[in-house]
Structure formats: structure tokens, C-alpha cells
Amino acid sequence: MRVPLLKPRPIRLSDHRDDLAAHEASGQFSNFGPINTAFETRLRDEMFGGEGACLTACNATVALLLAVKEAVYFGRRRGRYALVPSFTFAATAHAAAWCGLTPLLYDIEPETWLPSGEAERRLLDRHGDEVAVIVTYATFGNCLDLGAYADLAARTGVGVVVDAAASLGARDAGGHGFGRGAPMSVVYSMHATKTFATSEGAVIYSADRERIARLRQMENFGFDSARAAQMPGLNAKLAEVPALQALRKLDEIDAVVRRRGELYALYRSLLPDFTFQRQTGSHAVHQFVPALLPEGAGVDRACFVQRMKEKGVGLGTYFSPHLAEQPYFKDISVMDELPVTARIAPRIVALPLYDTMEHAELRYVCDSARACLR
Ligand SMILES: *Cc1c(COP(=O)(O)O)cnc(C)c1O
């Protein structure tokens with residue numbers, strides 16, 4: 001049996017020929033056309049209870065860059081550091097670096113793998129105004145305490161941006177989309193490999209509509225209505241065709257999240273010796289299934305991944321190497337102590353997950369995993 005790590009499943013445009021014909025007839029191909037507007041409005045209403053505003057973007061990396069720039073340019077802090085967890089995808093730190101900031105890499109919590117609140121407070125105490133922004137990460141779609149970040153931002157004036165790349169579709173305990181009510185920028189990816197799969201695309205949500213209005217202007221060269229730049233800008237707009245993929249994905253996202261949640265639960269029950277992330281929300285969005293190899297496993301991680309590959313099972317090792325181990329970030333960043341990251345990263349594997357995964361495929365992965373540990 002062959003089980004790949006992921007099977008991206010954006011909606012099939014060929015199933016939506018009428019929508020495509022209407023799009024072509026509209027004559028508007030980008031620049032926040034009718035499909036983008038329809039998607040932003042529906043997403044705000046269905047995922048975020050009608051509160052705040054949504055803004056599409058071409059991808060989450062550029063959206064993060066803009067969100068960091070917005071937080072710093074319009075914020076109260078002019079410091080040189082961006083706090084970034086070391087246990088995240090490269091894009092989180094790239095966004096800060098493109099804004100001219102020095103990433104200050106910090107640790108995560110041992111069970112939720114979320115960025116360490118203790119480290120954030122300690123680094124803010126130590127570096128004061130030198131910290132311009134915290135670019136935190138909702139690790140693997142797990143829910144952050146956004147209220148605590150809002151309090152921290154209000155109390156200290158530090159900017160906060162949330163990388164929620166894997167989280168679009170996650171719902172909190174109240175049944176609302178993760179992020180609802182957050183006054184800062186929360187950035188979600190709609191890349192083909194995410195659960196909310198399109199081709200390329202992203203969403204920035206904030207409960208602060210003025211922030212979203214500024215970001216919309218920044219995405220369009222910083223122009224005002226007279227096409228005069230009023231602020232830093234670039235072109236980060238989402239074209240209408242990927243917005244159509246997003247609009248139709250929204251129709252099915254709750255069912256997709258439910259299905260993946262069931263598969264995730266089955267993994268946990270079939271692999272009791274592995275360590276899974278402690279979930280902090282009610283409906284997490286699972287892009288894949290991150291798990292730690294059993295402590296004292298008889299094989300090292302590279303060997304385990306190789307043996308699984310020989311059995312036809314594709315694994316990932318996100319996020320290992322973590323940022324502090326990657327040459328570019330090693331070169332441009334400052335490192336805090338990273339004991340938890342250093343313990344977790346070498347043991348982590350990403351197990352396969354996709355919308356159409358059959359139970360037989362999942363059982364094959366788990367049987368293979370147990371065999372490959374021996
Ligand atoms: C996927 C991902 C991104 C980048 O998203 P793109 O839309 O592909 O640019 C950023 N941060 C994290 C944590 C991700 O997983």
C-alpha cells in the first residue's frame with residue numbers, strides 16, 4: 001500500500017464551469033472583485049460571527065510580512081526585535097526579517113507546543129522597547145489564548161501578529177472561528193497543502209476593522225483613492241480564480257474539519273506509545289498528524305522515516321530542523337534558551353492525513369509504525 005503524507009484537495013474548478021463563465025463575463029480578474037468580496041463577507045459572517053473584517057491575500061507569507069509591517073509602522077514601538085518561536089515554519093521569521101527586524105527565537109510549551117508565554121514575558125522584561133512585535137504561532141492549528149495577547153499588547157504597547165497558517169476552519173469552544181474578536185492581525189493560509197485548500201491564497205482577520213482597512217490599502221501599493229501612496233505598500237492581492245476556489249471550499253470546510261478530526265482521534269487511539277499534542281480548542285484543524293516517537297524508541301528518527309518510506313508511507317518532520325538550526329536564521333537571529341524545542345524537534349514526525357483517507361490506509365500507517373519501531 002502507498003500512503004502519501006498529504007493529498008491536496010482544492011475544489012475542482014472543472015465542476016464549477018458556470019461560476020467560471022460568470023467570472024470571465026464580469027471582466028474583473030483581481031483588485032478585490034466580486035468573488036473576493038463575496039468570500040470575505042461570507043467568511044466573516046460564518047466563521048467570525050459577523051464581527052470585525054476579513055481580507056484576502058496572495059499567500060500567507062506575504063500577508064504575514066504586511067501584518068508585521070502594519071503592526072510596527074502604525075504601532076507604538078520602534079524596537080529592532082521580533083519575538084518568533086523557533087518551532088515554526090520559516091515564513092514566520094522571514095516575514096519579520098523582510099520588515100528589517102531581528103528575529104529573537106524563543107521556546108515553546110512542553111505539551112501544547114504553543115509559544116512559551118513565560119519566555120515572552122521574560123524577553124519583554126529584559127529587552128523592553130527593543131521588542132517591536134511578537135509574531136506568535138498557533139502551532140499546527142492549536143488554539144492560542146488570544147485574550148492574553150490582547151492584554152499584553154494593551155498593557156505594554158508591543159505589536160502582536162498571529163501566524164495561524166494552519167488554522168482556517170478551526171472553531172473555538174463557543175463554535176466560532178479561531179481568532180474571532182482578536183484585535184490584532186490573525187493570518188491564515190489557504191495553500192493547497194493546508195486543510196482549507198485552494199492553490200495559493202491567504203486571509204487576514206481582525207476584529208479591528210480599521211486595521212483591515214489599512215492592510216487592504218497596503219496590499220494595493222499603499223494607495224489612496226487618488227493613487228498616491230500614503231503608507232508602505234506592495235501588491236499582495238488575491239486574484240479572482242483562487243478566490244472562487246476559496247468560496248467553494250467554504251461550503252465544505254466544516255465537514256472536512258470534522259472528518260479529519262475523526263481520523264486524528266483514530267491515530268491517537270491506535271498509537272498509544274506516541275506522544276500527541278495537547279489540544280487547547282474544541283475543533284482543531286489538522287493539516288497532518290504531528291507526533292513524537294516514543295521516548296527510548298529503538299530507532300532514531302531518520303531511520304524510522306526511511307523504514308516507513310520503504311513500506312510506502314510518506315512522513316514529514318515539521319518543524320525539524322527548527323529555525324535556530326537553519327543556516328540563514330542562525331546567521332540573522334538572536335537565540336533565547338530553547339530546551340523544550342531541542343527536546344521535541346528531534347523526536348517529531350508528521351503522519352499522513354488527507355480528506356479522502358480510508359480507515360484501512362490509516363491502520364496500515366499505524367501497523368507499519370509499530371513494526372518500524374522494533
Ligand atoms: C504554510 C505556512 C505558512 C506559509 O503559508 P503560505 O500561504 O504558503 O505562504 C506560514 N506559516 C506557517 C506556520 C505555515 O504552516
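When a ligand or atom number is given, it counts from 1 through the structure's own listing order. These numbers come from a predicted model, not from an experiment. Values below: all heavy atoms of this structure, side chains included; hydrogens, waters and symmetry mates excluded.
- Taking the centre of each ring, Phe140 and Phe288 come in below the 6.0 Å mark.
- Atoms of ligand 1 lying under 4.0 Å from at least one heavy atom of Ala91, given by number and element, are 10 (C).
- The parts of Ala60 lying near ligand 1 are both backbone and side chain, judged by heavy-atom distances below 4.0 Å.
- Note: His176 and Phe48 fail the aromatic proximity criterion, with ring centroids not under 6.0 Å apart.
- When each atom of ligand 1 is checked for a heavy atom of Asn59 under 4.0 Å away, the hits are 7 (O), 9 (O).
- Nearest protein neighbour of atom 9 (O) of ligand 1, counting heavy atoms only, is Thr61 OG1, 2.6 Å.
- The distance between the ring centers of Tyr137 and Phe319 falls below 6.0 angstrom.
- For ligand 1 and Tyr137, the ligand atoms under 4.0 Å from any heavy atom of the residue are 13 (C).
- Interface of Ala165 with ligand 1, defined as ligand atoms under 4.0 Å from a residue heavy atom, comprises 2 (C), 3 (C), 10 (C), 11 (N), 12 (C), 13 (C), 14 (C), 15 (O).
- Distances from atom 2 (C) of ligand 1 to the heavy atoms of Glu200, Lys194, Gln287 show the closest one on Lys194.
- Under a cutoff of 6.0 Å and an axis angle of 45°, Arg180 and Tyr205 do not form a cation-pi pair.
- At the shortest separation from atom 11 (N) of ligand 1 among protein heavy atoms lies Asp163 OD2, 2.8 Å.
- In this structure, His94 has its ring center under 6.0 Å from that of Phe329.
- Here's the thing with His191: none of its N/O atoms is less than 3.5 angstrom from an N/O atom of ligand 1.
- Closest approach of Leu66 and Ala236 over heavy atoms only: CD1-CB, 3.5 Å.
- In this structure, Phe178 has its ring center at least 6.0 angstrom away from the ring center of His283.
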